[in-house]
Amino acid sequence: MTAEVLPPSTLPSLPDDPFGTEVLTDPYEFHERLRAAGPVVSLPRYGLYAMGRFDEVKASLQDWQTFVSSRGAGLADFAKEKPWRPPSLLLEADPPDHTVVRTAMNGVIAPRTIRALRERFAGPAEEIADRLVERGTFDAVTDLAEAYPLQVFPDAVGLPDEGRENLLPYGALAFNAFGPDNELRRTALAQAAPVQAWIWASCQREALAPGGFGAQIWEAADRGEITHEQAPMLVRSLITAGVDTTVYGIGNTMYALASHPDQWAQVHAEPTLAKFAFDEALRWESPVQTFFRTTSRDAEVAGTVIPEGSKVLLFLGSANRDPRHWGEDADRLDIRRRAAGHVAFGMGVHQCVGQPVARMEVELVLTALARRIRRIELAGTPVPKLNNTLKGWASVPLRIEPA
Ligand code: OVM
C-alpha cells in the first residue's frame, strides 16, 4: 500500500457530540482525543471548528478582532439566528462598544469596593463553616457551594429578597442556552418565561437596594459613563454570570480536595494556600468548559485556514489540562503547581470581570473550612450536574474530621 500524502489543508475531524451526555459527564477522554487530533479540529456534527490545545485556545481568546463575540458566545450565529434573549452588552459584544461598558463595570467591581465587601462576606463564611463542621457530614454542593454565594452575592448586588429562587434556574438557563438545540437547552427554555420576567424586573433601578453593585451601575449611567438603557443590561450580566459560576467553582474545588485528601491536608496545615488551591481546582475541573467565537475573516491557526463566518468552539477545560503546556502530569491535581495562567476565567478583553468577587468568596469560605477541618473525604458517590457549558456536581457528599 502506498502512503497517502495529505494536503496540508486536510482538517482532522471527530464524530463526537461535545454536548452529549457522555462528554458532558466526563469530558477528559474526549479532550485528549481532541488535542491529539490537531490544533484545529472539525466537529461535523454541528459544522464547527474546535480547539482544545492551550496555546491556540489562549491565542484565539486574545485575538478579539478575528474571533469575535458579537455574533454570540454560543453555537447560534447572531448574524443568522435570533438570540434567545437580547445579547449581553459585555459577553456578546466587541470593542469599541464592549470597551465602554467593560470600563464602567471595572469601575463598579473596583478594588475599593471589593475590600469593603470582604467584611460583609467574611462573617457568613465563618458561620457556615462552623455549622458544617458541627454536622460532620454535609453536601458540598447544596449545603455549601449553593448556600454561601446565595447568602452573600444577591445582597451585594442589592436584589429584592422575594424571588431569589429564580437565580440558579436563570444561570442554568443562560449556560445551557450557549449549547445546541438539545434536550438540556429545550427544557431550560421551555421554563424560561417567569424566570426571565423576575430577572428583568430585578435589573430596574427601583428594584435595587442602595449601595449595591446594581445601584452603582445605575449611578455610572447618571455620570454618563454608560446610558440609562445600558444600565439594566449590565445588572443582568452580573446576575447571569455571578451566581452559577461561583456555585460550580466552590463545588468543584471541594470535590477536587475531597477526592485528594493529601491536598486538603496541605491547605489545612497552611490555610493561606486556599487561593492556590482554588486556581488549581479551576484548572483541573473548569466550571466554564467551553465558549464559542465566530471568525470575522479567514483566520489562520497553526497552518489551518478557518473561513470567515465559522463558529469556533474553544475548550477552556481541555486547554487547562493540555500536557503540551502543563507538562506530563497535567491531569494531576497539585495545589503547589503554578496554575495561575489557566484560561478558566477566559483571557483577553473578555476575561471575567467578576473574578475578584469570585476569588474573595472562595478564599473566605475555603480558608474558614481549612482552619476547622483536619481531614475530608467523600462520603458517597458524587452526582454530576449536566449543563451545556458548565461542568460540576449536583451533589458531593462529604465526611469531615474536625481539627
Ligand atoms: C453576560 C454574561 C457574561 C459572562 C458569562 C455569562 C451566561 C453571561 O454578560 O450576561 O454566562
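In each ligand, atom 1 is the first atom listed, and ligand 1 is the first ligand listed. Keep in mind it's a predicted model, so treat the numbers as computed, not measured.
- Proximity of Met233 to ligand 1, defined as any heavy-atom pair under 4.0 Å, is not found for any part of the residue.
- Considering CD of Glu32 and CG of Asp331, their distance stands at 6.5 Å, rounded to 0.5 Å.
- For Ser88, every heavy-atom contact with ligand 1 shorter than 4.0 Å involves the side chain, none the backbone.
- Trp84 and Gln196 share no donor-acceptor pair across their side chains, judged by distance under 3.5 Å alone.
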Next item on the list: Could you give me the CA-CA distance, side-chain angles and deciding distance for Phe315 and Phe30, then say whether ring-ring contact (aromatic ring centres under 6.0 Å, His included) is met?
Entry: CA-CA 11 Å; Phe315 284 84; Phe30 169 69; 5.7 Å; yes

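- Judged purely by atom type and a 3.5 angstrom limit, Thr367 has no side-chain atom pairing as donor or acceptor with the backbone of Leu364.
- Under a 4.0 Å criterion applied to the non-hydrogen atoms of Phe178, ligand 1 contributes the atoms 7 (C), 11 (O).
- The nearest heavy-atom contact from the protein to atom 11 (O) of ligand 1 is Phe175 CZ, 3.0 Å.
- Between Trp326 and Phe54, the ring planes lie perpendicular to each other; the angle is over 60°, past the 30° to 60° tilted range.
- For the pair Arg236 and ligand 1, the shortest N or O to N or O distance does not fall below 3.5 Å.
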Margin query: Does Phe178 form a ring-ring contact (aromatic ring centres under 6.0 Å, His included) with Phe292? I'd like the steps, not just the answer.
Written below: CA-CA 8 Å; Phe178 291 123; Phe292 291 81; 8.2 Å; no

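- Within the set Ala174, Gly242, Ala241, the minimum heavy-atom distance to atom 6 (C) of ligand 1 is found for Ala241.
- In terms of protein heavy-atom proximity, atom 10 (O) of ligand 1 is nearest to Arg85 NH2, 2.9 Å.
- For ligand 1, the atoms lying closer than 4.0 Å to a non-hydrogen atom of Thr240 are 7 (C), 8 (C), 10 (O).
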